[in-house]
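Within every chain, numbering begins at 1; the chains are lettered A, B, ... in the order of the sequence lines, protein sequences first and strands thereafter.
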Protein chains: 2
Amino acid sequence: MKYSASKEDHLKAIFHLQSEQGVVTTNALAEALQTRPASVTDMLKKLKEQKLLLYERYKGFRLNNEGKKVALQIIRKHRLWEYFLVKKLQFGWDEVHEMAEELEHISSKKLVERLDAFLGFPETDPHGDPIPDSQGRFTSPRQLSLAQLPLNKVAEVSGISRQTTEMLELLQHKKIGLGTKLEVRRKFPFDNSLEIKIRNYPPVTISSLVAKNVLVKDEE
Amino acid sequence: MKYSASKEDHLKAIFHLQSEQGVVTTNALAEALQTRPASVTDMLKKLKEQKLLLYERYKGFRLNNEGKKVALQIIRKHRLWEYFLVKKLQFGWDEVHEMAEELEHISSKKLVERLDAFLGFPETDPHGDPIPDSQGRFTSPRQLSLAQLPLNKVAEVSGISRQTTEMLELLQHKKIGLGTKLEVRRKFPFDNSLEIKIRNYPPVTISSLVAKNVLVKDEE
DNA sequence: ATTTAATTTTAGACAAATCTAAAATTTAAA
DNA sequence: TTTAAATTTTAGATTTGTCTAAAATTAAAT
Ligand SMILES: [Mn+2]
Ligand SMILES: [Mn+2]
Ligand SMILES: [Mn+2]
Ligand SMILES: [Mn+2]
């Protein structure tokens with residue numbers, strides 16, 4: 001019922017990876033966790049042993065229900081703490097990730113519930129990602145990536161899916177943040193880069209990689 | 001510059017023990033940390049290696065200046081988080097210790113400073129213990145233990161020095177808490193137990209051990 | 001001053017998490 | 001369909017923190 005910080009980080013990373021592809025590979029997880037494939041294999045055996053993971057050697061792996069449940073609780077804590085750091089301690093949304101990476105491992109269940117209440121039961125974290133409730137449920141907001149947004153359709157930035165410090169720095173520089181209203185003016189098929197127009201600013205260009213990780217919500 | 005949670009717990013415990021006696025013994029530290037003397041010796045070698053400790057085998061040990069500095073920062077974090085849990089998350093002062101024992105190891109220096117500001121720079125934690133400032137200084141409030149309080153002198157409870165859950169439970173049962181006004185009616189030399197009078201309540205008896213750990217402030 | 005007891009340290013082991021280098025397996029190319 | 005490349009796993013080592021049992025040292029009793 002109590003797992004090490006490292007195990008929790010593995011579960012969380014697997015959860016995120018398998019949301020995008022059905023099954024996860026050793027290399028992808030090692031890359032995501034900045035560790036070595038051999039170390040991942042070691043951990044996979046332990047997680048399987050603890051019945052959190054469906055895994056057979058050489059065949060990929062994915063979380064079972066129990067593993068998902070645990071992962072969602074870590075994600076819940078991560079996002080609640082991020083919200084606390086931004087809304088209560090006045091941190092910028094681009095500087096809270098590392099701290100939340102530690103805070104998410106604080107174990108008290110009661111603390112999480114009190115924190116949630118103290119924050120007024122927020123539904124999304126400072127990056128626009130939904131916060132699971134205490135049962136692990138969350139309303140997945142129908143948002144799409146900037147890469148999928150049709151041309152000349154105004155939309156509002158509602159989330160950033162891979163928030164590395166480098167990525168957030170870049171976005172800040174381009175004046176793109178949560179709530180920013182923008183539209184896609186051109187797509188360049190050569191490298192899938194996009195020209196973006198934000199009201200009152202000259203157009204800026206962003207790469208395909210960035211576009212895939214900026215989530216927007218349709219103006220309705 | 002960054003120490004493991006276990007090292008930090010050792011430094012903190014040594015700090016507390018050496019405040020009461022000048023020099024600390026292996027057995028006392030093992031007892032305080034619920035570990036084995038052999039494990040303590042192992043850790044002492046590492047702390048000496050890292051120049052946080054003055055230690056020679058068989059001769060006791062104590063923190064040097066650097067060790068004290070580190071210990072005081074952990075104590076600062078512990079007490080700020082306790083204050084947060086009680087004042088913001090509505091926990092009782094007798095249920096926050098375990099959580100703070102984890103939170104005190106969160107590393108971000110900036111987080112601590114922001115938390116301090118958010119809380120309004122409190123001077124004491126929910127148990128009446130002073131909170132060191134960011135330089136490790138704190139105004140030691142001139143409080144004395146209940147065992148030292150003269151007979152029939154009304155005083156106010158201002159702190160609990162050893163706050164185990166068991167101890168706090170006992171105090172709650174005897175209706176003794178922070179801010180309680182009381183006086184000592186009798187001392188029994190046989191076992192150094194005390195008869196205590198709290199306004200509106202019948203007298204209660206407390207042991208010498210409890211008396212030594214309840215701190216009071218003179219009514220002036 | 002010996003003997004006994006308590007304290008402290010060492011020796012050796014173990015679990016957890018990680019790594020490198022080499023072997024096994026799968027996938028992609030020729 | 002062989003061969004080559006990429007992926008994944010094993011074998012064996014390392015670090016950190018802990019433990020038990022035995023030895024060394026210090027303190028307390030006869
Ligand atoms: Mn983490
Ligand atoms: Mn986030
Ligand atoms: Mn602690
Ligand atoms: Mn306290």
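- Under the side chain to side chain contact (heavy atoms under 4.5 Å, CB included) criterion, B/S4 pairs with B/S6, B/K7, sequence neighbours left out.
- Per the geometry, CD belonging to A/E8 stands 15 Å off C1' belonging to C/dA17, to the nearest Å.
- In this structure, the CG atom of B/N27 is 13 Å from the C1' atom of D/dA27, given to the nearest Å.
- In this entry the distance linking CD of A/E56 with P of D/dT8 reads 15 Å, nearest Å.
- The side chain to side chain contact (heavy atoms under 4.5 Å, CB included) search around B/R62 returns B/Q18, B/L54, not counting sequence neighbours.
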Worksheet entry | Contact state string [nucleotides 10-23 of chain D, B base, S sugar-phosphate only, - no protein heavy atom under 4.0 Å] | B------BBBB---
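- For B/E123, the CD atom counts as loosely surrounded, since its 6.0 Å shell holds 12 or fewer non-hydrogen atoms of other residues, nucleotides or ligands.
- For B/E169, there are no salt bridge (Lys or Arg N to Asp or Glu O under 4.0 Å) partners, not counting sequence neighbours.
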Can you give the donor-acceptor pairs under 3.5 Å from side chains of residues 30-40 of chain B to other protein atoms, not counting sequence neighbours?
none

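- Separating the CD atom of A/E49 from the P atom of C/dA17 is a distance of 13 Å, rounded to the nearest angstrom.
- B/K88 pairs by the side chain to side chain contact (heavy atoms under 4.5 Å, CB included) definition with A/F118, B/F84, B/F118, B/L119, not counting sequence neighbours.
- Taking the side chain to side chain donor-acceptor pair (under 3.5 Å) definition, one finds that B/K59 meets it with nothing, sequence neighbours left out.
- For B/H127, the side chain to side chain donor-acceptor pair (under 3.5 Å) partners are B/E82, not counting sequence neighbours.
- Protein atom NZ of A/K48 is 11 Å distant from nucleotide atom P of D/dT9, rounded to whole Å.
- For A/K174, the NZ atom counts as densely surrounded, since its 6.0 Å shell holds more than 12 non-hydrogen atoms of other residues, nucleotides or ligands.
- Here the C1' atom of nucleotide C/dT18 and the CG atom of A/L44 are 14 Å apart, to the nearest Å.
- The nearest whole Å value for the distance from the NZ atom in A/K59 to the P atom in C/dT27 is 9 Å.
- Look at A/T26 and you'll find a side-chain N or O under 4.0 angstrom from OP1 or OP2 of D/dT9.
- End-to-end axis angle for the helix from C/dA1-D/dT30 to C/dA30-D/dT1, using five pairs per end and rounding to 10°, comes out at 10°.
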